[in-house]
Amino acid sequence: MSDIQVQTFPYTPSMRPRRLRRTATLRRMVQETQLTPNDFIYPLFIRHGKDIRQPIRSMPNQFQWSIDRVIPEVCEAYRLGIPAVILFGIPETKDACGRENYDLNGIIPQSIRAIKDAVPEMLVISDMCFCEYTNHGHCGIINHKGETHYQAHLPEGYLLNDATLELLARTSVVHAEAGADIIAPSGMIDGMVGAIRAGLDGENLAHTMIMSYAVKYDSGFYGPFRDAAGSAPQFGDRSEYQMNPANRREALKEVALDVAEGADMLIVKPALPYLDVLSDVRQAYNLPLVAYQVSGEYSMIYAAAMNGWIDLQRCTLETLTSIKRAGADIIVTYFAKDVVKWLQP
Ligand code: PBG
């Protein structure tokens, strides 16, 4: 094409959105979504023992910590401006009903006391589930012939809903009494929020909050977590209690129930593959909305970056900004500490 043709090209746009993108200052001023340290919750895996900082094979730069080593990590996170941590425990022993989870001296009650002692202002969230503590790796009590809770009319291996509720309520009280600010039930057990609320209120723990994993999908992206927390189911999968990834409208039903049962905050999980769901929940409800960028989302970005295929910082910030743009107020992410450092001026 010659210059003359360009000059006489007969169309000039009347609208010019690029006007608002011409300089960095301008782009900064008109930016709709901002990330701040207040947006993040930092997940931590804690195990028994001393002086342990064990790398997690499938999650680069993430560790299993002993309590003595996790304290400085939590102090640093708080100093960086991160307001909350969510704790996952690796027990000494596993059994059919996950006893260590409600043992006063179990790994999580001990960790909560130690963290609240060292950094009282840090919000401590306890992930309330049984899969790390049970020998079968499921999120509650399993129907098994010969066990106390056995129900002959239900199949062998079925996750017993109401028997699990009792355990969730009891364990939540133990963790709240240890000092947990927030209980985060993650098992997709029907009635879990109501049962935990009743349990807490019955023990004078009306101020303990419930951050419900209201919408949790049966996702392949939890793979690395099951490695990190040793919580893979020993038989079957979680499709009888976690949601089918194909369902969008059903998410609003799950949220409605948890709101009615008294949830203070809502979680959608995983995050990036479910931005439509996040956006739906944001539009329909006014509770603080949390998105969980799960282990597989983390490791996928990390692996590609380690291969030199994508830029770690840029792509991570892009995913987190997208998650917030879709409607999340708060994001649980293994990148929490990195992001907060990247955001520093
Ligand atoms: C416990 C729980 C899981 C995750 C958080 N809480 C595992 C699962 O449901 O299998 C996954 C978190 C992650 O992948 O980062 N039920």
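When a ligand or atom number is given, it counts from 1 through the structure's own listing order.
- Salt bridge absent: Arg47 and Glu132 never bring a charged side-chain N and a carboxylate O closer than 4.0 Å.
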Just list the N/O pairs, ligand 1 to protein, that are under 3.5 Å apart, with the distance for each.
unit_1	atom_1	unit_2	atom_2	d
ligand 1	6 (N)	Asp127	OD1	3.4
ligand 1	6 (N)	Lys269	NZ	3.3
ligand 1	9 (O)	Lys216	NZ	2.7
ligand 1	9 (O)	Gln242	NE2	2.9
ligand 1	10 (O)	Arg226	NE	2.7
ligand 1	10 (O)	Arg226	NH2	2.7
ligand 1	10 (O)	Arg238	NE	3.0
ligand 1	10 (O)	Arg238	NH2	3.4
ligand 1	14 (O)	Ser295	N	3.3
ligand 1	14 (O)	Ser295	OG	2.7
ligand 1	15 (O)	Ser295	N	2.7
ligand 1	15 (O)	Tyr334	OH	2.5
ligand 1	16 (N)	Lys216	NZ	3.0

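- Between the side chains of Asp127 and Tyr213, a donor-acceptor pair is found at a separation under 3.5 Å.
- Listed by first then second residue, pairs satisfying salt bridge (charged side-chain N to carboxylate O under 4.0 Å, His left out) with a partner in residues 86-102 read Asp95-Arg99, not counting sequence neighbours.
- Ion pairing between Asp280 and Arg249 fails under the 4.0 Å rule for side-chain N and carboxylate O.
- With respect to the salt-bridge test (charged N to carboxylate O, under 4.0 angstrom), the residues Glu254 and Lys216 do not qualify.
- Residues Glu32 and Arg325 are not paired through a salt bridge, judged by the lack of any N-O separation under 4.0 Å between the basic side chain and the carboxylate.
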